[in-house]
Amino acid sequence: MAETKREIERKYEADESGIPDLTGVAGVAAVADQGVAHLDATYYDTGDERLAASSVTLRRRTGGSDAGWHLKFPIAPDVRDEIQAPLSDILPDDLAALVRSRVRGSELLPVVRLRSDRDVRHLLDADGRLLAEVSVDTVHAERLTGRGGEARWTEVEVELADGGDPALLDKVEKRLRKAGVRPSASSSKLARALKETAPGKRRRSAPAREPVTAGDHVLAYLRTQRDAIVELDPAVRRDAEDAVHSMRVATRRLRSTFKSFGKILDRAVTDPIAEELKWLAGELGLDRDREVLTERLTAAVDEVPAALVRGPVVERLHSWSRAEHGGARGRLLGVLDSRRYLTLLDTLDALIADPPLLKAAGKEPHKPIAKAVRKDFRKVSVLIEHAADLEPGAERDVALHEARKKAKRTRYAAEAAKPVLGKPAKTMVKSMKSLQNLLGEHQDSVMARQALRELSAVAHAAGESAFTYGLLHEREEQRAVRVETEVPGFWDGIKGGAAAL
């Protein structure tokens, strides 16, 4: 069974002088020698080193206190999540799944072997509690692919104890710098090993070109969203907070960009991809919609006086939530392992590598990009005005939902336009987000009322009182009425926003 550990550490170059006495560091009362551990790690990657390109490391290591399989994802500078699985001859399935969005159909190969003698010291406080672990690693790296070579070096590694104060790392670093120890130029042992054992001269990738044309700017935005999907995949599989929602937003941004900038990218090519993204967003939404409804209905029940809660309303709501979550969760994991999903990722890669650019893509960006944003804004305006002319009811609900979706598209188009249009685009993003949130409150009410009707029917069939469900339904209906009343004035306040584009 895999376990996750948050790793906060810093690496330093080291020479024969070793490390200074660290007992003078504020808060460190003692330094305890833990002896020398002999570590032997084999790192795995695809032939084109896709994991290394994403600063992801996958290794099988023997020796030390945590022998096994280790998969590390970057979180922030000096911070990584390490997912550990017991030692075995082959890569565990749960770790293989976490790199699938990057590896896809490629084979994972042993690329580097690192053998290290690790001299370990523990930094302790006055009560003997562990503050950090400092190690001096003497490393022998051996390239296992191609005609690679070998490399040797020594480095110092300072890892914060679980729950420790990151400020300690700054204090330790200050002492190390005074002693002449300097931060490592490599982010990890693997990165250094790949560089120093490369066969011959490695080709340097060309530096990224700054966006110049309209096509450049649109592709830069698309690339960011494609990368977000790939990077969020492991978090979705691990059921990390907000990961499903964030991935769903990335798919929507891609679809919206294809539609908004149809004069820049050929929609004959992008429309089929947009349909696949719509499918993926729908699968992601099964779980996300449950989360939203559960939070909303739970909060609504909490607001009802205890005397008006008739029957096991909370228990039935939680039971419904768990059942919905379990089914959607299993289905989503199946989607992420499906050939259809992995093919979609390959298709996005191919599109970005060889984009179907139209004539407008080669132009100076301001005019075609501003025109696309204004066009989307006008569509929102038409839908808002249409909804205002309708009587309250299902037809108006649908019209307001469509307006919300167009507001999202306009927001995403304005996001892509910010590097080109500057402040007017930022203002548009803010306005459309506010409108989206207001209309989202209305749509959430629509969905909550539907769920309450279903729960009421189940409760009634079980011989329970449906009174509380009816009360909640009425309150949700009143919320929707308040939003509908607020929309016209709200729209009047922002509809001039497109004039500055």
Side-chain angles (χ1 to χ4, degrees), residues 5-28 31-34 36-37 39 41 43 45 49 51-59 61 64 66 70-82 112 114-125 130-141 143 150-198 202 204-205 207-208:
K5 177 179 182 296
R6 178 60 54 87
E7 180 182 85
I8 304 176
E9 68 176 20
R10 296 181 186 177
K11 297 180 183 295
Y12 302 87
E13 306 285 351
D15 55 27
E16 295 180 357
S17 63
I19 59 174
D21 180 16
L22 298 174
T23 52
V25 173
V28 177
V31 177
D33 192 339
Q34 302 297 305
V36 178
L39 311 176
Y43 288 77
D45 206 336
E49 298 178 5
L51 299 183
S54 302
S55 298
V56 174
T57 61
L58 173 64
R59 72 187 179 202
R61 190 169 78 182
D66 61 349
H70 303 157
L71 175 61
K72 298 187 180 185
F73 291 101
I75 302 300
D78 303 327
V79 182
R80 294 186 292 182
D81 272 352
E82 179 177 277
V112 166
L114 294 182
R115 283 169 284 182
S116 305
D117 292 330
R118 170 166 288 182
D119 187 0
V120 181
R121 298 166 178 80
H122 283 176
L123 305 186
L124 309 174
D125 67 9
L130 179 65
L131 299 174
E133 180 177 284
V134 180
S135 62
V136 180
D137 295 343
T138 304
V139 185
H140 173 208
R143 170 79 67 150
E150 300 182 9
R152 289 177 170 81
W153 70 88
T154 301
E155 69 178 37
V156 174
E157 189 175 283
V158 183
E159 181 175 349
L160 195 67
D162 293 345
D165 182 0
L168 176 67
L169 296 180
D170 293 330
K171 298 172 184 176
V172 172
E173 180 166 310
K174 184 176 180 181
R175 174 59 60 89
L176 292 175
R177 283 180 175 272
K178 283 184 177 180
V181 179
R182 294 290 177 261
S184 174
S186 298
S187 59
S188 67
K189 288 183 176 66
L190 176 61
R192 181 167 183 173
L194 289 173
K195 180 180 179 181
E196 296 192 10
T197 66
R202 302 191 75 186
R204 292 184 178 180
S205 57

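Every heavy atom of this structure was used, including side-chain atoms; hydrogens, water molecules and symmetry mates were not. Because the structure is a prediction, the values reported are computed rather than measured. For the single chain, residues carry numbers from 1 onward in sequence order.
Val134 places a side-chain heavy atom less than 4.5 Å from the side chain of Leu22. Counting heavy atoms from C-beta on, the side chains of Leu124 and Leu130 come closer than 4.5 Å. Side-chain atoms of Arg80 and Ser188, non-hydrogen and from C-beta on, do get closer than 4.5 Å to each other. Two residues are said to be in side-chain contact when any heavy atoms from C-beta on lie closer than 4.5 Å; Leu168 and Val25 meet this criterion.
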**OP:** Show your working on side chain to side chain contact (heavy atoms under 4.5 Å, CB included) between Asp45 and Leu190 and close with a plain yes or no.
**Re:** CA-CA 11 Å; Asp45 206 336; Leu190 176 61; 5.5 Å; no

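Taking 4.0 Å as the cut-off between side-chain N and carboxylate O, Asp33 and Arg121 do not count as a salt-bridged pair. The existence of a salt bridge linking Glu196 and Arg152 is excluded, since no basic side-chain nitrogen approaches an acidic carboxylate oxygen closer than 4.0 Å. Between Asp170 and Arg177, no side-chain nitrogen of the basic residue sits less than 4.0 Å from a carboxylate oxygen of the acidic one, so the salt-bridge criterion is not met. In summary, Lys189 and Glu9 do not engage in a salt bridge, as defined by a charged side-chain N under 4.0 Å from a carboxylate O. With respect to the salt-bridge test (charged N to carboxylate O, under 4.0 angstrom), the residues Arg175 and Asp21 do not qualify.
Rounding to the nearest 0.5 Å places CG of Leu51 at 14.0 Å from CZ of Arg59. To the nearest 0.5 angstrom, Glu7 atom CD is 9.5 Å from Asp81 atom CG. Between the CD atom in Glu159 and the NZ atom in Lys11 there is a gap of 8.5 Å [rounded to 0.5 Å]. Taken from OG in Ser135 to CD in Glu155, the straight-line distance is 7.5 Å, to the nearest 0.5 Å. Here the CD atom belonging to Glu49 is positioned 14.0 Å from the OH atom belonging to Tyr43, to the nearest 0.5 angstrom.
Listed for the Arg6 side chain is no donor-acceptor partner under 3.5 Å among the backbone atoms of Asp162.
In terms of heavy-atom proximity, Leu39 sits nearest to Arg61 at CD1-NH1, 3.8 Å. A pairwise comparison of heavy atoms in Trp153 and Ala141 identifies CZ3-CB, 3.7 Å as the closest pair. Nearest heavy atoms, Tyr12 versus Val158: CE1-CG2, 3.9 Å. Closest heavy-atom contact between Pro74 and Ser54: CG-O, 3.7 Å.
Here the rule is salt bridge (charged side-chain N to carboxylate O under 4.0 Å, His left out) with Asp137, and of Arg118, Arg115, Arg192 only Arg118 fits it. Only one option out of Leu71, Asp66, Thr57 pairs with Glu82 in a side-chain contact (heavy atoms from CB on, under 4.5 Å); it is Asp66. Exactly one of Asp119, Val172, Val156 qualifies for a side-chain contact (heavy atoms from CB on, under 4.5 Å) with Ile19. That residue is Val156.
Within 6.0 Å of NZ in Lys5 there are more than 12 heavy atoms belonging to other residues, nucleotides or ligands.
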